[in-house]
Structures are given as structure tokens and as C-alpha cells.
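First comes the structure, then the notes that go with it.
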Amino acid sequence: MTSPYQFAHDAYAAALQTSFAHLEDGEESGESAHVAGRVMLLRRQGRLAFATMRDSTGEIQLFALDGVAENFDEFSKLHLGDWVGVVGEIVRTKRGELSVKVATFERLAEARHNFGDKWAGITDFDLRYRHREADLWANETSRRSLQRRSDMIRAVRERCWAAGFMEVETPILTPVASGASARPFVTHHNALDSDFYLRVAPELWLKRLVVGGFERVFELGRVFRNEGVSPRHNPEFTMLELYAAYWDFEDMMSFTEELVAGVALDVLGTTEIEYQGRQLSLSAPWARRPMAELTSEALGVEVSVHTPRDVLAGYLGERGVEVHASWGAGRCLAELFENSAEEGLWDATFVTEYPVEVSPLSRRHRRDAELTERFESYAAGRELSNGFSELNDPDEQRSRFEDQARLAAAGQDETMAIDEDYIRALEWGLPPTAGLGVGMDRLAVLLADESNLREVIAFPTLKPVRD
RNA sequence: GCGCCGGUAGCUCAAUUGGCAGAGCAUUUGACUCUUAAUCAACAGGUUCCGGGUUCAAGUCCCGGCCGGCGCACCA
């Protein structure tokens with residue numbers, strides 16, 4: 001029997017369950033449907049057989065009778081997991097199960113492997129992540145989480161478009177990996193005989209488009225960082241970055257809270273979500289708290305970027321953090337914040353006033369030259385977004401990059417690479433602009449109520465199996 | 001990269017102190033005209049992750065490796 005090339009499918013399980021809800025036990029509707037999906041369960045009973053078929057919307061029972069179904073013997077020999085296309089009347093069985101009474105059926109494709117135990121499904125992480133196609137049939141929560149991610153991406157796009165942002169695409173293969181302090185992946189282009197880096201952020205390209213006159217741009221794309229893998233980190237992840245000319249960081253914070261709360265509303269219908277058994281608020285407006293203030297509260301002692309560097313270093317030492325000789329007061333404060341206050345930020349909160357030292361692309365704060373007009377948002381103790389008033393002075397940008405180069409020379413692993421083309425772009429004039437980056441996987445984890453990033457990534461990065 | 005834990009049939013899991021490697025589901029065969037994780041009967045299914053070692057005897061203990069989970073580090 002050759003495998004069919006097509007099936008004239010005209011009905012879905014969930015819609016049938018709804019539109020024939022009125023059928024009484026034992027009643028026949030007189031209406032026929034063409035349904036298709038996978039056989040998930042099969043109950044043969046002599047000259048009749050029942051199958052539970054699942055499609056992308058839900059499940060419906062297939063009811064086959066010898067003498068009524070034209071190829072009953074083949075039906076009763078189906079395997080769990082086989083794809084079928086069925087034509088038959090919609091009926092409700094005597095025992096009350098809505099069913100398609102099989103007139104004809106075709107096996108559309110065979111399943112050579114099963115989809116796990118009927119009860120337990122597939123639980124082995126290795127199998128689930130390496131063969132997500134099987135996991136998706138075996139585990140309802142896997143389907144739900146990836147569906148939520150898709151709903152989220154859609155909502156983000158629609159809200160960005162609605163706010164007048166235009167979607168653009170910038171290079172993934174780049175001659176310099178800059179725009180974030182992260183180790184890049186390196187690859188090689190043969191014809192150009194040049195090494196390229198996979199981007200660690202689209203930031204610098206996007207700002208060049210603003211220089212070019214596109215006032216509001218966004219990119220939703222994959223970035224790559226050659227760093228550790230954990231429940232909260234995948235080497236490739238999806239970032240939303242957007243830039244708005246004429247805005248400052250305050251404007252961007254307002255946009256951020258509206259965007260994230262709006263997306264939660266679109267996906268979940270609420271901005272008061274439950275995450276890991278605990279209520280979490282994404283409702284705007286979010287608290288806006290200077291880093292120094294949060295850190296002082298957590299430490300029980302007043303600190304700021306103006307506290308002597310060695311005093312801050314001393315507090316870090318007490319907390320068991322190894323202080324690098326090249327760290328100034330700004331870096332020390334940021335480290336102290338991460339070590340003390342960060343984890344406690346449960347409801348969505350903006351942390352503001354990041355030190356210049358850790359913010360090489362941010363504009364200095366208009367009230368304090370040691371600080372920047374930068375914010376990060378946190379939820380469930382984790383960073384969700386990062387944004388700032390963009391540094392648009394090419395001379396200062398050059399000196400900030402040079403500071404980064406000095407730190408690299410002093411032995412710091414993760415620093416930002418100098419990008420001459422970007423500095424030249426700034427020389428053409430970047431208007432006052434605010435930018436935002438949102439970790440889409442992190443947001444998806446919140447919306448899907450998952451604790452592990454891999455659950456919202458269809459095919460997370462795994463080590464290849466070697467012989 | 002480091003630490004802890006794990007890997008047994010296609011799937012989910014057992015296996016006492018080191019003493020014959022098992023069950024349910026799936027597959028195969030048979031019975032059954034209203035099942036719902038159908039039921040009943042039978043057959044088959046194993047490089048116990050891989051490679052060494054200790055021992056009369058290793059799924060179990062030891063060493064090395066592979067892969068995964070969690071934590072740390074790095075980072076978002």
C-alpha cells in the first residue's frame with residue numbers, strides 16, 4: 001500500500017466536540033466529517049474497535065465496526081502513533097463518547113517508534129530534548145509551553161508594530177562581536193578567507209539604522225554567546241531589541257512595562273500571573289529603584305558609586321566575592337547589588353542608575369556623571385530586560401571602548417570589543433535615542449510557568465553524543 | 001570548567017548485604033459487537049551507557065570515559 005500524498009481534511013477534534021455537544025448518547029448526527037491525526041490509544045474488541053485520535057486541537061474517538069468500516073481489518077492493525085485520515089459520520093456512542101464512525105480510513109504515515117508509556121509518557125530529559133517531536137505528543141505541558149512561547153512572540157511583534165516600530169534584520173555573521181560583554185562563537189568564511197563572529201547582540205547595527213533615519217526599529221532574533229549552559233542559559237537565545245529616536249530611558253521604561261504587561265495580557269489574559277506557585281505582578285507601572293538604594297537596603301549600610309572603592313571591595317570580600325584588581329567602585333557596586341538585592345526582586349521592578357563602569361554604551365546620567373541613564377528590569381529574581389538612554393557622542397564612545405580594552409588587557413574575560421564602524425556611524429549623528437533589550441526566553445519561562453529555559457526552547461543546545 | 005546526583009527491555013520503573021536481571025505498558029499471536037489507561041491468555045524482548053579493575057560471584061564495589069539533571073562559576 002503506497003502512502004497517501006494528501007488527505008482532504010475538513011474538521012478538527014475540538015470544534016467537533018463543541019459543535020456536537022448536544023448529541024445524546026447513542027444518537028447519530030447524520031453528518032459526515034473528514035478528520036486526521038494520530039492514533040494515541042486503540043481498544044480492539046472483536047469485530048469493533050475504538051481509537052483515540054488526537055489532532056492539533058484535541059482528541060476525538062474513532063469508532064470502527066466490521067461491516068461498516070470498509071477496511072476494518074487494517075484499522076484494527078493500526079499502531080499507536082500512526083497518522084490516519086478518517087471519513088465517517090459524527091455519532092455519540094451508547095457510553096457517551098463523541099466519535100467519528102469510520103466509513104473509510106487511510107493510514108497517512110506509520111510510527112515506527114512509540115510515544116512512551118500510556119501513563120507516564122516520556123520523562124527522560126535526554127530523550128525529551130533530543131527528540132522533541134516525540135515529547136510533544138507524550139507531554140501536554142511541553143505542547144503548552146511551546147505554544148505560549150509562540151503566542152508571546154506574536155504578541156510582541158503586534159505590540160511593537162502598533163507602537164510604530166518597524167521590524168528589521170541585521171547581520172548574525174559579524175566581523176566584530178560587540179554590543180554586549182560576552183564571549184562569541186567564531187567561524188570562518190572560506191571565499192572571503194576571513195573569520196566571523198556570531199553576534200552577541202544586534203545593538204550596534206540597530207543604532208546605525210537609527211542614524212540612517214529609521215526612527216523606531218526592532219529586531220526579534222537569535223543571539224549567540226559562548227558561555228555556560230544552565231536552566232537559565234542557552235548558548236543561543238532570542239532577544240528583542242528596539243530603539244526609539246527622541247526617547248530617553250524614562251520613556252523606554254514606560255514602554256517596557258506596557259509592552260511586557262500587554263504581552264502577558266495577550267497570552268494569559270492577566271498581568272497578575274502565578275509563577276512557580278507564587279503570585280507575581282507584571283502590572284504597570286513597575287517600581288523604579290536606583291541600584292545604590294536597593295543595595296544599601298539589602299546590606300543595611302549606605303553605599304553608592306561614590307563610596308570609596310576599597311570600602312565596597314571590603315563588603316564584597318565579606319560576602320566571599322573575589323574582587324579583581326581592575327574593578328573600580330562602579331563595578332564593585334554592581335557586583336554587590338547582584339550578590340545582595342537581585343534575587344529578592346520578585347514582582348517586576350526596574351533597577352536604575354547603573355554605574356558608568358559597567359555600562360559602556362549608555363549615556364551618563366544627567367544628574368551624576370558616575371552613573372548612567374540605564375535600567376534593567378527584574379522579575380522572579382532574574383534579569384528580564386536592559387535599556388538605556390543611548391550614548392551618542394562618538395568621542396566618549398571611543399574612550400568607553402578603550403576602557404573596555406584596558407580591562408581586557410588587565411585580564412577580564414568578558415569585555416566589549418571596540419567597533420570602529422560603529423564609532424564612525426556615530427560621527428554621522430545619532431539623535432537622542434533610547435534602546436531596550438528583552439530576553440524572550442526568560443519572558444517565555446515566566447509566561448509558561450516553567451523553571452527551566454529548555455522547556456520554552458523547542459530544541460535546546462545539547463552536547464552531541466560521541467561514540 | 002568544578003562539585004553532587006543519575007543512566008537497567010521501545011517507554012515508565014523494580015532488583016534486600018555483592019548471589020539465577022524482573023514488572024506494567026508498547027510490539028507479536030489468540031479471545032472478545034459500546035470501549036475509555038478496555039479486559040483476558042500466550043510468545044518474544046537485555047552489551048544493566050562505554051572501557052578497565054576487585055571478587056568464587058558485579059546492575060550493585062573501585063578507577064577512567066560518555067551523556068543528562070541540579071548547584072557553582074560565567075552570563076541574559
Side-chain angles (χ1 to χ4, degrees), chain A residues 25-26 39-52 59-69 72 76-82 91-99 101 111-131 134-135 137-139 179-184 200-201 223-241 320-322 334-335 338 342 358 376-379 382-386 412-415 437-445 451-454 460-467:
Chain A
D25 291 0
V39 173
M40 301 311 290
L41 297 168
L42 189 57
R43 300 174 286 279
R44 282 166 295 185
Q45 181 143 349
R47 309 211 6 236
L48 62 94
F50 303 90
T52 301
E59 295 184 344
I60 191 164
Q61 180 167 267
L62 307 176
F63 175 32
L65 279 155
D66 193 7
V68 174
F72 177 81
S76 67
K77 284 178 189 152
L78 284 168
H79 285 177
L80 297 192
D82 284 351
V91 303
R92 191 175 295 283
T93 60
K94 289 178 198 166
R95 296 292 179 86
E97 190 71 34
L98 191 73
S99 307
K101 190 172 174 185
R112 292 192 186 174
H113 307 288
N114 66 31
F115 289 90
D117 188 86
K118 273 186 204 176
W119 298 265
I122 298 173
T123 60
D124 182 71
F125 287 106
D126 205 60
L127 182 58
R128 288 187 53 230
Y129 297 150
R130 287 186 201 279
H131 289 285
D135 174 49
W137 286 98
N139 294 302
S181 308
R183 280 222 290 270
V200 295
V223 298
F224 307 84
R225 298 189 183 175
N226 203 340
E227 283 157 0
V229 180
S230 86
R232 288 164 293 282
H233 305 268
N234 198 62
E236 53 178 306
F237 62 101
T238 301
M239 182 112 98
L240 167 70
E241 280 206 13
V321 178
E322 199 180 328
E335 292 285 334
E338 285 170 24
E342 182 181 284
V358 296
E376 288 196 353
S377 72
Y378 283 83
R382 289 181 204 132
E383 184 184 342
L384 196 60
S385 72
N386 178 25
Q412 275 188 33
D413 280 345
E414 272 90 22
T415 64
V438 185
M440 287 289 103
D441 310 83
R442 293 263 174 99
L443 182 58
V445 151
S451 60
N452 190 327
L453 205 67
R454 296 176 189 96
T461 306
L462 296 176
K463 196 159 178 171
V465 180
R466 294 188 302 170
D467 296 328

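Throughout, protein chains are lettered first and strands after them, A, B, ... in sequence-line order, and every chain is numbered starting at 1. Side chains are part of it too, since the values below use all heavy atoms of this structure and drop only hydrogens, waters and symmetry mates.
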Options B:rU36, B:rG10, B:rU27, nucleotide nearest the side-chain atoms of A:N114: B:rG10

Under 4.0 angstrom between A:R454 side-chain N/O and B:rG69 OP1 or OP2: yes

Same-atom distance (C1') from B:rU60 to B:rU8, integer angstrom: 11 Å

Nearest to side-chain heavy atoms of A:A120, which nucleotide of B:rC34, B:rG69, B:rU12: B:rU12

Min side-chain heavy-atom separation A:R232-A:R382 under 4.5 Å: yes

Approximate separation, where rounding is to 0.5 Å, of A:K77 NZ and A:L42 CG: 12.5 Å

Inter-nucleotide C1' distance (B:rG45, B:rC63), Å rounded: 33 Å

Side chain to side chain, A:V200 and A:M239, heavy atoms closer than 4.5 Å: no

Ring-base stacking, A:F125 with B:rG69 (5.5 Å, 30° cut-offs): no

Closest to the A:L462 side chain, choosing from B:rA38, B:rG68, B:rA73: B:rG68

Closest nucleotide among B:rU36, B:rC25, B:rG68 to the A:K118 side chain: B:rC25

Under 4.0 angstrom between A:T123 side-chain N/O and B:rC13 OP1 or OP2: yes

Short side-chain N/O contact from A:R232 to OP1 or OP2 of B:rG71, under 4.0 Å: yes

Who pairs with B:rA21 - Watson-Crick or G-U, where each distance is under 3.5 Å: none

Watson-Crick/G-U partner (both atom distances under 3.5 Å) of B:rC4: B:rG69

Rounded P spacing from B:rU39 to B:rA26 in Å: 8 Å

Nucleotide nearest A:I122 when distance is taken to its side chain, options B:rU12, B:rU28, B:rC70: B:rU12

Nearest to side-chain heavy atoms of A:L41, which nucleotide of B:rC34, B:rA38, B:rG69: B:rA38

Pairing partner of B:rC61 (Watson-Crick or G-U wobble, both distances under 3.5 Å): B:rG53

B:rG24 base / A:D117 side chain donor-acceptor hit below 3.5 Å: yes

Closest to side chain of A:R442, choosing from B:rG68, B:rC70, B:rA76: B:rA76

A:R442 side chain near A:E383 side chain, heavy-atom distance below 4.5 Å: yes

Pairwise C1' distance for B:rU28 and B:rG10, with rounding to whole Å: 14 Å

Base-pairing mate for B:rU48 - Watson-Crick or G-U, with both contacts under 3.5 Å: none

Integer angstrom distance from the P of B:rU16 to that of B:rC49: 15 Å

Distance test, side-chain N/O of A:Q45 to OP1/OP2 of B:rA38, below 4.0 Å: no

Separation of the C1' atoms in B:rG18 and B:rA57, to the nearest angstrom: 8 Å

Contact check, side chains of A:F72 and A:L65, non-hydrogen atoms, under 4.5 Å: no

Pairwise C1' distance for B:rC20 and B:rC62, with rounding to whole Å: 25 Å

side-chain N/O A:H113 vs B:rA26 OP1/OP2, d < 4.0 Å: no

From B:rG68, B:rA76, B:rU33, nucleotide with atom closest to A:E383 side chain: B:rA76

Separation between CZ of A:F50 and CD of A:Q45, rounded to the nearest 0.5 Å: 6.5 Å

Candidates B:rU36, B:rC34, B:rC72 - which lies nearest the side chain of A:R43: B:rU36

Side-chain N,O (A:R225) to OP1/OP2 (B:rA76) below 4.0 Å: yes

Separation between the C1' atoms of B:rA41 and B:rG51, rounded to whole Å: 44 Å

Base partner of B:rC40, which must satisfy Watson-Crick or wobble distances under 3.5 Å: B:rG30

A:P231, nearest nucleotide to its side chain (from B:rU36, B:rC70, B:rC67): B:rC70

Contact under 4.0 Å: A:R130 side-chain N or O vs B:rG68 OP1/OP2: yes

Euclidean distance, A:Q61 CD relative to A:E97 CD, rounded to 0.5 Å: 5.0 Å

Counter-base of B:rA9, judged by Watson-Crick or G-U geometry with both distances under 3.5 Å: none

Between B:rC11 (P) and A:W137 (CH2): distance, integer Å: 20 Å

